[in-house]
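Right, one structure below, let's go through it.
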Amino acid sequence: MSDAMIKTIKGFADLFPPESTAFTHMETLARRIFGSNGYGELRTPLLERTELFCRSIGTETDVVQKEMYTFPDRKDRSLTLRPEATAGVMRAYLESGLYGSQSVTKLYTFGPMFRYERPQKGRMRQFHQINCECLGAQGPHTDAEVITMLMTFLGELGIAHLELHLNSLGCAKCRPQYRKVLYDYLRSLDTSALCEDCKRRMETNPLRVLDCKVPTCKEHTEKAPTLLEHNCPECRSHYDMVTSLLRAVGIDWVQDNRLVRGLDYYCRTTFEVVSGSIGAQSSVAGGGRYDGLIKSLGGPDIAGIGFACGMERLALLLPEQAAVRPDFFVVCVDATARDAAFLLANRLRKAGFSGDLSHAGTSFKGQMRQAGKCLARHALIIGPDEVANQSVVVKNLDENRQETVNTADIVAYFAQFSEI
Ligand code: HAM
């Protein structure tokens with residue numbers, strides 16, 4: 001490849017079939033399942049003011065500190081490529097005033113997100129999320145509904161061996177108390193055994209020490225007091241109700257006392273879906289409740305809960321899809337049949353059948369090979385005789401038999417197969 005050739009940016013990828021087909025499949029399924037739960041689609045801009053992410057995700061988080069694509073525009077305003085969807089959805093919800101006309105708003109969004117992380121399997125700098133937010137509902141039934149919808153979606157995708165991790169982060173009342181208990185506990189340890197990040201986090205956001213992936217940090221903080229033990233009675237009964245509703249609909253979960261999530265807006269129920277089959281980047285979906293977020297962005301005190309799935313990670317786990325087979329492939333015996341071939345393909349496609357014809361002007365043999373390669377069910381062969389008789393030879397490629405059909409009858413001929 002010549003040096004002059006321009007390549008993609010590190011961590012950014014082009015999506016060709018079959019991966020792009022897998023993405024379309026996930027989006028179609030998500031639209032159906034989320035739609036049947038009362039959700040509608042929202043599309044927000046990829047660029048937002050930087051302040052939106054600082055205020056919602058939290059200035060002390062890794063996402064804001066190290067991972068955002070932030071730059072000044074031509075008028076020196078600081079803009080950021082969205083690292084996640086929730087902040088933009090909240091901005092749009094507030095700006096539109098939707099909360100004034102709807103008591104509960106359910107929105108989903110798909111699209112690319114941008115984080116400057118070290119790329120590896122399942123971790124990209126531009127990645128795609130399927131994201132859901134339910135705004136205006138405070139009770140535990142909403143948490144259970146949101147989690148059930150996520151698990152239904154993942155189940156219908158056919159992904160096996162997923163584990164749902166749950167925890168409760170408490171609320172503005174009980175979490176500060178827990179934070180202090182945890183801080184005191186961490187101070188009582190020999191902190192020199194903690195990694196450099198944890199030494200810093202201990203002072204800025206001690207809860208993040210709990211989800212450090214460094215084995216020695218994990219071991220060292222093994223006996224840390226748990227959030228759940230320090231939930232206030234309201235948070236605890238909310239969480240107990242969520243787990244009992246999940247039990248009632250047959251969803252298994254594991255209690256994960258170290259699940260604190262990397263974004264600052266969460267409270268109460270938080271969750272992650274983890275796969276053991278895709279290596280280090282094992283979290284395929286994550287979410288939780290964020291009751292104070294809308295207020296902190298200058299809006300009314302409205303509750304919210306949601307989740308996002310990482311589409312690249314789901315694509316790694318999808319079972320192989322049965323290939324989509326076209327109905328026909330038109331084969332020209334020689335160049336005199338090309339007009340007739342074009343018209344025939346056009347007529348069948350207009351009638352709802354799928355298929356193709358060679359645009360490369362290859363030999364008859366080459367075209368037949370192409371028909372087999374694209375898994376077409378029928379080869380439609382046209383030569384000078386067929387053009388003269390206004391007919392076509394239909395070769396069934398599965399059964400290796402053929403017959404001649406009048407061009408005028410071709411749509412009816414194909415219709416008999418689709419009726420079977
Ligand atoms: P998050 O846990 O940061 O949550 O991301 C959700 C999912 O996005 C992850 O579980 C993972 O599958 C995928 N993901 C994250 N970063 C990358 C990456 N660099 N490459 C590939 N996939 C990635 C959020 O973004 C929250 N906004 C979710 C939410 C919605 N909470 C409430 N509502």
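For ligands, and for the atoms within them, numbers begin at 1 and follow the listed sequence. Keep in mind that this is a model prediction, so the values were computed, not measured.
Ring pair Phe353/Phe328: centre-to-centre distance not below 6.0 Å.
At a heavy-atom cutoff of 4.0 Å, ligand 1 is contacted by the side chain of Asn131 but not by its backbone. Contacts between Tyr265 and ligand 1, counted as non-hydrogen atom pairs separated by less than 4.0 Å, involve the side chain only.
The side-chain heavy atoms of Val392 and Leu344, taken from C-beta on, include a pair separated by under 4.5 Å. In this structure, the side chains of Asn167 and Arg268 stay at 4.5 Å or more apart for every pair of heavy atoms.
For atom 24 (C) of ligand 1, the nearest non-hydrogen atom of the protein is Leu263 CD1, 3.6 Å. For atom 12 (O) of ligand 1, the closest non-hydrogen atom on the protein side is Ser283 O, 2.8 Å. For atom 27 (N) of ligand 1, the closest heavy atom belonging to the protein is Glu84 OE1, 2.5 Å. For atom 20 (N) of ligand 1, the nearest protein heavy atom (residue, atom name, distance) is Met124 N, 3.0 Å. Atom 14 (N) of ligand 1 has as its closest protein heavy atom Phe127 CE1, 3.5 Å. Among all non-hydrogen protein atoms, the one lying nearest atom 31 (N) of ligand 1 is Tyr266 OH, 2.6 Å.
Among Arg118, Glu117, Glu272, Gln129, the residue whose heavy atom lies closest to atom 25 (O) of ligand 1 is Gln129. Closest heavy-atom approach to atom 4 (O) of ligand 1 among the candidates Arg261, Arg313, Glu312: Arg261. Comparing Gly122, Gly310, Ala85 against atom 21 (C) of ligand 1, the shortest heavy-atom distance belongs to Gly122.
The pair Arg349-Asp356 counts as a salt bridge, with a side-chain nitrogen and a carboxylate oxygen less than 4.0 angstrom apart.
At a cut-off of 3.5 Å, with distance as the only test, no side-chain donor of Arg179 or Tyr183 sits close to an acceptor on the other residue.
The two residues Val209 and Arg258 come nearest to each other via the heavy atoms O-NH1, 4.4 Å.
Classification of the Tyr39-Phe34 ring pair by plane angle, with boundaries at 30° and 60°, yields tilted.
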